[in-house]
Amino acid sequence: MMLKNVSSERISTMGESIFTTMSKLAFEKNAVNLGQGFPDFDGYAMIFESAYRAMKEGKNQYAPSPGIKSLRDVISEVNSNHYGIAYNPDTEITITAGATEGLYCVMQAFLNTGDEAILFEPYYDAHYADVILAGGIPKFVTLHKPDFSFTQEELEQSITPKTKLIVLNSPHNPTGKVFSQVELEMIAKIAIKHDLLVVSDEVYEFLTFDAVKHVPIAKLEGMKERCITISSTGKTFGSTGWKIGYVCAAKELTDAIRKVHQWTTFAVNTPAQHAMADAFGTLDTYLPDFRALYQSKRDLLFNALKGTEYKPYLPEGSYFMMIDVPKKFDGDVDAAMRLVSEFGVAVIPPSVFYSKSSEGNTLLRLCFAKKDETLIKGAENLIKAINS
Ligand code: PMP
Ligand code: GLN
């Protein structure tokens with residue numbers, strides 16, 4: 001007998017993630033993958049030796065639920081040295097299975113059924129899903145082309161008595177926008193005025209280009225106590241498959257997040273945590289080359305497409321770049337499907353990251369965390385597509 005309605009209502013509208021879909025298609029069609037966001041090269045080499053050493057030293061059993069102390073200590077130091085924000089490593093930092101688990105725990109910890117969460121669109125798909133999984137209701141503020149800006153009025157108008165939190169992601173996936181000081185102040189002012197939490201996804205915190213600087217919103221006056229900041233060593237050390245993320249927040253907020261984390265994964269991979277603690281210990285010597293590498297990749301892809309109908313939008317941060325959909329295609333989904341099947345290059349159609357505006361139909365997202373040869377081949381295939 002067939003089981004009927006086995007899945008919960010909460011997940012009834014959820015499909016496969018666009019990243020999975022496009023990576024599968026890229027593989028099937030043997031296309032260059034500029035879609036899913038992950039480097040196609042190894043990240044920081046020292047973590048391999050370091051993880052192996054930890055394993056040989058017998059660091060192979062459960063870590064403490066909040067994460068190993070040395071990793072929490074060094075994350076605290078990094079926050080204090082880079083941003084001047086003091087997080088107590090014992091009570092205000094939690095290591096999670098990637099930023100993904102951190103985000104899930106945060107939404108479960110703070111949203112009641114019917115609570116509203118403000119998302120800037122295009123949003124990162126997990127932000128939307130995590131709000132839904134927690135029984136919350138997402139509300140949207142559109143970041144408008146060409147500079148992906150919003151107004152104070154638009155943000156203010158999205159707030160209702162049911163609003164519980166604002167989700168911020170800077171540097172931003174998928175646009176590459178880095179929110180300006182003025183925009184951060186606007187968000188902070190509204191959060192304080194309406195007594196809201198801010199969930200700040202800063203996984204690309206160390207990937208900003210030219211003179212652009214990342215400022216955590218928690219640094220702004222009155223924000224630390226209402227801000228939950230999430231980051232990921234997967235981005236910082238180029239190892240997305242290791243899934244070591246972390247959440248920094250004031251003690252009262254961390255207490256709630258740790259309750260969910262305790263029942264989600266309890267603790268995350270021990271040797272990988274040791275490796276990341278060692279990697280953070282050398283962050284300041286690592287970062288200049290890391291940034292220069294990604295900036296050169298951004299420039300390579302941007303210059304290859306500049307002056308074409310793709311009109312690339314120069315990202316200030318993250319490892320993503322938006323381009324326009326050329327006229328020959330019927331919107332972003334048609335373009336993405338035809339580019340992967342007919343022209344050998346996988347991209348992400350960003351309309352799936354919009355719920356309110358149709359601006360996403362006119363854009364495509366490219367990931368430039370790829371070997372130069374991948375970027376060159378991908379750009380060639382994109383250009384062939386408009387010239388064919
Ligand atoms: N937030 C954003 C904005 C991301 O782009 C990603 C992944 N690329 C994540 C969270 C998830 O990070 P992790 O792989 O550490 O789970
Ligand atoms: N964050 C990555 C991206 O934006 C994908 C991560 C995933 O597939 N879950 O492409």
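Only heavy atoms go into these numbers, but all of them, side chains included; no hydrogens, no water, no symmetry mates. One-based numbering, in listed order, for ligands and for the atoms of each. Everything quoted here is computed from the prediction, not taken from an experiment.
Within 6.0 Å of NZ on K259 lie no more than 12 heavy atoms contributed by other residues, nucleotides or ligands.
Taking only nitrogen or oxygen atoms, main chain and side chain alike, Y204 does not reach within less than 3.5 Å of ligand 2.
At a cut-off of 3.5 Å, with distance as the only test, no side-chain donor of K177 or S170 sits close to an acceptor on the other residue. Between the side chains of K145 and T175, no donor N or O sits under 3.5 Å from an acceptor N or O. For the residue pair Y123 / S355, a side-chain donor-acceptor distance below 3.5 Å is found, with atom types taken as modelled. H261 and T264 share no donor-acceptor pair across their side chains, judged by distance under 3.5 Å alone.
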Can you pull every nitrogen or oxygen pair between ligand 1 and the protein closer than 3.5 angstrom?
from, atom 1, to, atom 2, distance (Å)
ligand 1, 1 (N), D201, OD1, 3.4
ligand 1, 1 (N), D201, OD2, 2.5
ligand 1, 5 (O), N173, ND2, 2.8
ligand 1, 5 (O), Y204, OH, 2.6
ligand 1, 8 (N), Y204, OH, 3.2
ligand 1, 8 (N), K235, NZ, 2.2
ligand 1, 14 (O), K243, NZ, 3.4
ligand 1, 15 (O), A99, N, 2.8
ligand 1, 15 (O), S232, OG, 2.6
ligand 1, 16 (O), A99, N, 3.1
ligand 1, 16 (O), T100, N, 2.9
ligand 1, 16 (O), T100, OG1, 2.5
ligand 1, 16 (O), K243, NZ, 2.7

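At the shortest separation from atom 5 (C) of ligand 2 among protein heavy atoms lies F19 CD1, 3.6 Å. Among protein heavy atoms, the minimum distance from atom 8 (O) of ligand 2 is reached at Q36 NE2, 2.7 Å. Nearest protein neighbour of atom 2 (C) of ligand 2, counting heavy atoms only, is G37 O, 3.8 Å. Of all protein heavy atoms, the one closest to atom 9 (N) of ligand 2 is Y124 OH, 3.9 Å.
Paired with E92 under the rule salt bridge (Lys or Arg N to Asp or Glu O under 4.0 Å), one option of K251, R258, K224 passes, and it is K224. Screening T308, L305, V32 against L382 for a side chain to side chain contact (heavy atoms under 4.5 Å, CB included) leaves a single residue, L305.
Proximity of R365 to ligand 2, defined as any heavy-atom pair under 4.0 Å, is confined to the side chain (atoms from C-beta onward). When non-hydrogen atoms are compared, ligand 2 lies under 4.0 Å from the side chain of F320 (C-beta onward) but not from its backbone. The side chain of N173, and not its backbone, has at least one atom closer than 4.0 Å to an atom of ligand 2 (non-hydrogen atoms only; side chain from C-beta on).
Proximity of a side-chain donor or acceptor of N33 to a complementary backbone N or O of S23 within less than 3.5 Å is not detected. A donor-acceptor pair under 3.5 Å is formed between the side chain of E309 and the backbone N or O of K327.
Under 4.0 Å is where a charged nitrogen must lie from a carboxylate oxygen, and between R53 and D278 at least one such pair does.
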